[in-house]
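Because the structure is predicted, anything quoted here is derived from the model rather than measured. Numbering of ligands and ligand atoms starts at 1, following listing order.
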Amino acid sequence: MATERERLHNLFPDLDFDPEALRAKYRYERDRRIRADGEDQYLEAEGVLAHFAEDDPYAEPIDRAPLDMELDVVIVGAGFSGLMTAARLKERGITNFRVIEAGGDFGGTWYWNRYPGAQCDIESYCYLPLLEETGFMPKEKYSYAPEIFAHTQRIGEYFGLYPNTLFQTRVTEVRWMEEEARWQVSTNRNDRIRARFVIQATGPANRPKLPGIPGIEEFRGHTFHTARWDYDYTGGDHTGGLTKLRDKRVAIIGTGATAIQCVPFLGEYAKQLYVFQRTPSSVDLRGNKPTDESWYKNLEPGWQRARRENFAAVLTGQLVGEDLVADGWTDIARRIGISLMNRRQDAGDLDMEELMLRAEIADFQKMNEIRGRVDSTVEDSDVAEGLKPWYRQFCKRPTFNDEYLATFNRPNVELIDVSDTKGVERITEHAVIANGKAYEVDCLIFATGFEITTSAHRRVDFDTIGRGGQSLYEHWRDGFRTLHGLSSHGFPNWFTIGINQNGLSPNMTAMFDDQAVHVSYIIDEVMKRGKQVAEVTTDAESEWVTQIVNLAGTGASAFLQDCTPGYYNREGKGTGGNMQNSPYAPGINAFNALLADWRQQGDLAGFDLR
Ligand code: NDP
């Protein structure tokens with residue numbers, strides 16, 4: 001039996017690094033970041049912190065009388081998932097519905113996130129939905145936020161959704177009324193809305209979260225979360241021009257995908273910028289480029305679905321003739337094999353252990369390149385050392401940016417590593433305290449992310465009460481329980497578009513689109529069949545949960561467990577042994593095919609129709 005070292009040497013005779021040393025380094029960097037309080041370290045944006053999430057800097061307040069309405073469908077949320085669901089309902093001729101949205105326009109995450117440099121990191125031709133339907137051509141391979149926001153408005157106009165939408169309205173409760181077989185939807189404007197169906201489309205990044213840093217509420221300077229960028233204070237717009245920061249000392253806490261995009265702009269304009277970093281991001285090349293108009297105009301009908309499927313196929317390790325997107329994501333996926341859950345199709349006779357080892361070595365090589373990029377960009381070697389990520393590529397969302405690292409060569413920009421103290425120590429009236437030193441600042445920006453994988457009740461700010469007065473979050477207390485991630489037993493005529501127990505992809509809009517098609521089909525069928533109620537049966541729900549658990553490879557679970565903490569692994573807790581919260585392991589293309597087969601079958605299997 002070959003030793004690990006011999007096996008490595010046989011497989012990779014030319015390795016120029018020591019995998020065991022890297023493993024040890026990754027383990028060390030992970031362990032010293034693990035906090036006992038896990039996800040509880042984060043504060044919800046409520047109470048004295050509510051203004052971080054509730055203030056809408058982008059819309060004039062409106063005043064309107066409460067509404068009294070009887071509807072077929074209520075969709076909660078007008079981000080991409082809600083928009084696409086509304087569009088798909090309209091396509092089916094269902095028009096007696098309202099979308100209820102807290103923001104002042106369509107867009108969801110792209111309504112709220114207007115920070116400078118905000119950009120999609122999935123290719124726009126795959127990410128921006130309904131391009132063929134609306135005839136729109138994105139200007140570049142990776143669109144900036146205003147173009148994406150404008151596209152959500154375009155979809156709203158194209159499908160005539162503005163009259164169907166109640167903006168600047170927050171849902172406060174959704175409650176099933178058994179006798180009427182209706183949902184009662186309450187809002188912060190005292191509306192009385194009854195609907196046969198409710199679709200929760202609240203999106204994964206809808207609630208900003210804040211770090212539980214002692215003293216956070218004491219700060220007396222200017223402060224905001226990146227999801228509520230205050231251009232009145234900074235000056236400028238998404239393209240920069242933050243001239244009002246010329247005389248300001250600014251601190252930003254957090255170095256995830258958001259900070260990577262906005263830090264270059266802060267560095268360019270602030271008198272002084274302190275970047276408080278707990279874990280560095282992996283920052284790869286962006287390489288954006290303008291759309292080739294003649295290529296775009298000559299694409300065949302159906303190209304967008306084909307392209308999204310090709311992208312997903314590469315990302316799940318399926319064999320494809322051509323990698324159409326050919327970017328940072330697909331490069332990583334082809335080299336490492338993004339899907340650690342299922343055996344790659346081209347695995348041939350390789351055993352699983354060898355496959356995993358090959359993936360790990362490719363990962364080390366990729367991350368060595370990422371770290372090498374830091375060395376070749378950042379002039380000060382100590383700063384460069386601090387900016388190097390020591391974990392596997394998919395432990396955190398990979399980022400792509402051509403200016404972030406070079407920002408640390410500016411004399412007015414300082415990187416403050418707070419990894420030793422597991423985060424910023426304290427905030428006072430005018431300073432951020434880290435490593436025993438007070439950094440006096442005028443402005444404090446939180447780039448600390450969203451309630452994406454925290455417990456289900458934290459992710460939305462209202463409760464859903466189903467049959468028998470049961471809360472949805474009570475039903476999901478020990479893990480998600482759904483059929484296809486889309487509906488649950490005890491919650492009749494209720495659906496959700498989202499990221500749980502379904503085919504996951506970093507290209508969120510592609511996930512939402514097929515779910516929207518599916519849910520609108522079910523609602524249409526229930527109405528056409530003259531039924532009042534469609535409810536997932538306990539058996540169907542249990543079978544789906546079992547399938548999710550059985551398919552979820554232990555490889556993925558172990559991988560996440562070993563990762564540096566973050567929202568991907570619930571701050572280092574991984575799945576906690578609960579595989580119920582796993583996605584549908586075969587991936588998004590397989591999931592969409594499964595939904596299409598289910599619709600084809602035509603019997604609404606798993607639903608009890610009454
Ligand atoms: P993240 O959750 O990715 O990052 C939060 C940051 O805050 C981390 O760097 C975290 O450090 C840091 N942090 C938290 N608490 C403390 C503390 N007490 N002291 C110091 N630092 C702290 O949020 P983002 O908003 O950056 O990104 C969220 C997600 O939104 C992305 O992963 C992505 O899915 C999406 N997004 C997508 C973009 C796109 O291009 N399409 C762009 C931006 C965001 P640590 O890592 O140590 O926990």
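Between the side chain of Arg458 and the backbone N or O of Glu451, no donor-acceptor pair lies under 3.5 Å.
For Tyr439 and Phe276, the ring centers are positioned less than 6.0 Å apart. Outside the 6.0 Å centre-distance limit, the rings of Tyr26 and Tyr391 are not counted as a close aromatic pair.
Lys422 does not count as a contact of ligand 1, since none of its heavy atoms falls under 4.0 Å from the ligand. Proximity of Tyr42 to ligand 1 is established by a heavy-atom distance of less than 4.0 Å.
Geometrically, Lys209 engages Tyr42 in a cation-pi contact, judged by NZ or CZ lying under 6.0 Å from the ring centre and within 45° of the ring axis. Judged by the 6.0 Å and 45° rule, Arg170 forms no cation-pi pair with Phe462. Cation-pi geometry between Lys396 and Tyr567 is not satisfied (NZ or CZ under 6.0 Å from the ring centre, within 45° of the ring normal).
Considering only non-hydrogen atoms, atom 8 (C) of ligand 1 lies nearest to Thr255 out of Thr255, Ile213, Thr399, Thr109. Of all the listed residues (Glu425, Met508, Arg397), Arg397 holds the heavy atom that lies closest to atom 33 (C) of ligand 1. Counting only non-hydrogen atoms, the option in Gln119, Lys396, Arg33 that gets closest to atom 46 (O) of ligand 1 is Lys396.
Taking the six-membered ring where the residue is Trp, Phe80 and Tyr127 present perpendicular rings, their angle passing 60° and hence far from 30°.
Note: no N/O pair closer than 3.5 Å links Lys209 and ligand 1 by distance alone. Some N or O of Asp121 is nearer than 3.5 Å to an N or O of ligand 1, by distance alone. Considering both main-chain and side-chain atoms, Arg278 comes within under 3.5 Å of ligand 1 through a nitrogen or oxygen pair. In terms of polar-atom proximity, defined here as any N/O pair under 3.5 Å, Thr279 does make such a contact with ligand 1.
For atom 12 (C) of ligand 1, the nearest protein heavy atom (residue, atom name, distance) is Gly254 CA, 3.5 Å. In terms of protein heavy atoms, atom 36 (N) of ligand 1 is closest to Ala257 CB, 4.1 Å. Among all non-hydrogen protein atoms, the one lying nearest atom 4 (O) of ligand 1 is Gly256 CA, 3.8 Å. Atom 21 (N) of ligand 1 has its closest protein heavy atom at Ile253 CG2, 3.6 Å. Scanning all protein heavy atoms for the shortest distance to atom 27 (O) of ligand 1 gives Thr258 OG1, 3.8 Å. Regarding atom 5 (C) of ligand 1, its nearest protein heavy-atom neighbour is Ala447 O, 3.4 Å. The protein atom (non-hydrogen) at minimum distance from atom 19 (N) of ligand 1 is Val424 N, 3.1 Å. The protein atom (non-hydrogen) at minimum distance from atom 31 (C) of ligand 1 is Tyr567 OH, 3.5 Å.
Listed by number with element, the atoms of ligand 1 under 4.0 angstrom from any heavy atom of Tyr115 are 42 (C), 43 (C). Within ligand 1, the atoms closer than 4.0 Å to a non-hydrogen atom of Gln261 are 40 (O), 42 (C), numbered from 1 in the order shown. Annotation for ligand 1: atoms under 4.0 Å from non-hydrogen atoms of Phe450 are 25 (O).
Residues satisfying the side chain to side chain donor-acceptor pair (under 3.5 Å) criterion with Glu44, sequence neighbours excluded, are Arg207.
The CD1 atom of Ile122 sits 12.0 Å away from the CG atom of Leu128 when rounded to the nearest 0.5 Å. To the nearest 0.5 Å, atoms CE (Met84) and CD1 (Ile497) are separated by 8.5 Å.
Contact annotation: for Cys120 versus ligand 1, heavy atoms closer than 4.0 Å belong to the backbone alone.
Ion pairing between Glu140 and Arg286 fails under the 4.0 Å rule for side-chain N and carboxylate O.
Other residues, nucleotides and ligands contribute at most 12 non-hydrogen atoms within 6.0 Å of the NZ atom of Lys139.
Side chains of Asn500 and Thr482 form no contact here, defined as non-hydrogen atoms less than 4.5 Å apart.
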